[in-house]
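Naming convention: chains lettered A, B, ... in sequence-line order (proteins, then strands); numbering from 1 in each chain.
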There are 2 protein chains.
Amino acid sequence: MARRGALKANLLVAAQRAMAEHGTSVRLNQIASEAGVTAGAVLYHYPNMQELLFEANQSGMARFHDQRLEALAGISDPAARLIQTIRTGVPEGPEDPDVRLLCALGGEAARNNLYALLLTSLFDRQVSMYQGILEMGVASGAFVLRQDTITIARNLVALEDAYGYRMMAKHPTLGYDSAVELIVEYARLATGHPLPLEK
Amino acid sequence: MARRGALKANLLVAAQRAMAEHGTSVRLNQIASEAGVTAGAVLYHYPNMQELLFEANQSGMARFHDQRLEALAGISDPAARLIQTIRTGVPEGPEDPDVRLLCALGGEAARNNLYALLLTSLFDRQVSMYQGILEMGVASGAFVLRQDTITIARNLVALEDAYGYRMMAKHPTLGYDSAVELIVEYARLATGHPLPLEK
DNA sequence: AAATTTCCTGAATTGTGATTTAAGAACTCC
DNA sequence: GGAGTTCTTAAATCACAATTCAGGAAATTT
């Protein structure tokens, strides 16, 4: 046995992985197997599975958002920050586990108010993140906005989301680079900044 | 009993409704009850449920797309066509059955290639629809595009999709009107046309 | 290292849902 | 309106998954 309480922490990431693979109809046994234990062990820590799934999704979203914030850490130029944020908002490929999790939840939110709340809150936080970057760019004179920051920010997040879904569905001509380019093209129009992509 | 073969046709819409309500994990009994028959009757026409679900989704998407095309029937002005198309691309509310169906499928597409294909094909058809409108507007001189038609069209469809998900999740400040306005704002920027919304 | 607590397993239980089947009802055709 | 076909039901079957539980293993405490 590992240290006390070790499994309980692992269960969150195990549940995330299992749900990314099997969707919202993930089985208890699939989570258990992902964690390398039996179903009973899972139930010992989370007597009802719903709570585990909820916490797993909550923590998965928090990690997704935190990672995006971290990726901005060393960048001060507003244009570079904007590009970087767009880059981290698009899944790397159809297997990206974080986005898979989010997409799996999207449909569920229509009939589960808890998940709806989680997704809504994530959306709003991401909008705020973009708004901050846009305002910083305006203040520094780098951006000349053609629309409200709330409009631009919402549309940017919306584009990320939608292209995430397209990539999960393995669209043949919409890979990571095209999706980033499409979103950046909108950002260029809205900010009046050339936002160079060459990396 | 109704006319021969009547149930089989009804099953498609019954399955659509049941799936819009219960998601991809919809039960055979829920479909049967929606159709007003027992599970056995459903299985008589569709020996395996998967095929029924697939056909139901296929026909649901086709209807969604066809309805949008029909809504354009009497409109010849490119700007009016563009606005009208955006209007029919956003769900009327969180209960809109067509969009619920589409959203339910979104997460499933990550692990079901058939559904992935359906959604990809719908996306592409909608992109083509927008491209047609944009080109018409360019030809008539109404639009002065700031981006490729493919870029604008893809972003418009992406925005529709994403705001559809937000509305399904009952975002508190993103209703039908706001979503349309957000998308139209992008369209204005991209087409150089004021696209007046007052109706 | 013994005692205690925490943790985990494997089998049994219970519930749910898809699928099969036999029988009967409803429709069509003549 | 009767024969034959198509359709539908209700009960039985089968499979699977969540949950419970008694027993034992592993960590922690003393």
Side-chain angles (χ1 to χ4, degrees), chain A residues 1-60 101 104-105 107-108 110-112 114-115, chain B residues 1-60 101 104-105 107-108 110-112 114-115:
Chain A
M1 197 196 277
R3 184 154 41 264
R4 289 236 154 128
L7 177 58
K8 179 151 185 171
N10 283 345
L11 281 180
L12 285 183
V13 48
Q16 284 160 19
R17 273 202 275 257
M19 192 155 167
E21 186 175 348
H22 300 105
T24 53
S25 62
V26 63
R27 305 294 167 205
L28 173 59
N29 279 318
Q30 295 168 330
I31 297 174
S33 136
E34 186 74 40
V37 296
T38 63
V42 178
L43 268 330
Y44 174 79
H45 294 285
Y46 289 91
N48 66 343
M49 219 177 106
Q50 300 314 310
E51 197 176 324
L52 167 58
L53 286 181
F54 180 75
E55 286 186 23
N57 281 306
Q58 194 170 28
S59 115
L101 202 56
L105 244 51
E108 207 62 10
R111 74 195 72 82
N112 182 323
L114 281 181
Y115 288 144
Chain B
M1 195 195 280
R3 183 150 44 264
R4 289 237 154 129
L7 178 57
K8 180 152 186 171
N10 284 345
L11 280 181
L12 285 183
V13 48
Q16 285 160 15
R17 274 201 275 256
M19 193 156 167
E21 185 175 349
H22 300 104
T24 53
S25 61
V26 63
R27 306 295 168 204
L28 173 58
N29 280 319
Q30 295 167 331
I31 297 174
S33 135
E34 187 73 42
V37 295
T38 64
V42 177
L43 268 330
Y44 174 79
H45 294 284
Y46 289 92
N48 67 344
M49 217 177 107
Q50 301 314 311
E51 196 176 325
L52 167 57
L53 285 182
F54 180 76
E55 287 187 22
N57 282 305
Q58 194 170 30
S59 114
L101 202 57
L105 244 52
E108 206 63 12
R111 75 194 72 82
N112 181 323
L114 281 181
Y115 288 145

Whole-Å distance between dC21(D) P and L43(A) CG? 12 Å

Starting at atom CG of L7(B), determine the distance to atom P of dC7(D), rounded to an integer number of angstrom. 9 Å

Nearest to the side chain of T38(B) - dC8(C), dA10(D), dT20(D)? dA10(D)

Just N and O in the side chain of Y44(A): are any of them under 4.0 Å from OP1 or OP2 of dC7(C)? yes

The side chain of V37(A) is closest to which nucleotide in this list: dA18(C), dT8(D), dT9(C)? dT9(C)

d(NZ, K8(A); C1', dC8(C)) in whole Å: 15 Å

Nearest to side-chain heavy atoms of R27(A), which nucleotide of dA17(D), dT8(D), dT19(D): dA17(D)

CZ of R17(B) to CD1 of I31(B): how many Å apart, nearest 0.5 Å? 12.5 Å

For residues 40-55 of chain B, dump all side-chain donor-acceptor pairs below 3.5 Å to protein atoms at least two apart in sequence or in another chain.
residue	atom	partner	partner atom	Å
Y46(B)	OH	E55(B)	OE1	3.2

When the distance from CG of N48(A) to P of dT19(D) is rounded to whole Å, what number comes out? 7 Å

Please round to the nearest 0.5 Å and tell me the distance separating atom CZ of R27(B) and atom CD of E34(B). 16.0 Å

Using atom CG of L52(B) as one end and atom P of dA18(C) as the other, report the distance to the nearest whole Å. 12 Å

Nearest listed nucleotide, side chain of A39(B), among dT19(D), dT9(D), dT19(C): dT19(C)

Separation of dA17(D) C1' from I31(A) CD1 (nearest whole Å): 12 Å

From the options dA18(D), dC8(C), dC7(D), select the nucleotide whose nearest atom is closest to the side chain of N29(A). dA18(D)

Output, in order, the C-alpha distance, side-chain angles, deciding distance and verdict of side chain to side chain contact (heavy atoms under 4.5 Å, CB included) for L7(B) and L11(B). CA-CA 6 Å; L7(B) 178 57; L11(B) 280 181; 4.0 Å; yes

Looking at the side chain of A41(B), which of dT19(D), dT9(D), dT19(C) is the nearest nucleotide? dT9(D)

Would you mind reading off the distance between H45(B) atom NE2 and dT5(D) atom C1', rounded to a whole angstrom? 14 Å

Gap between atoms CE and P, on M49(A) and dA18(D) respectively (whole Å): 5 Å

One pair to check against side chain to side chain contact (heavy atoms under 4.5 Å, CB included): R111(B) and E108(B). What are the steps and the verdict? CA-CA 6 Å; R111(B) 75 194 72 82; E108(B) 206 63 12; 3.2 Å; yes

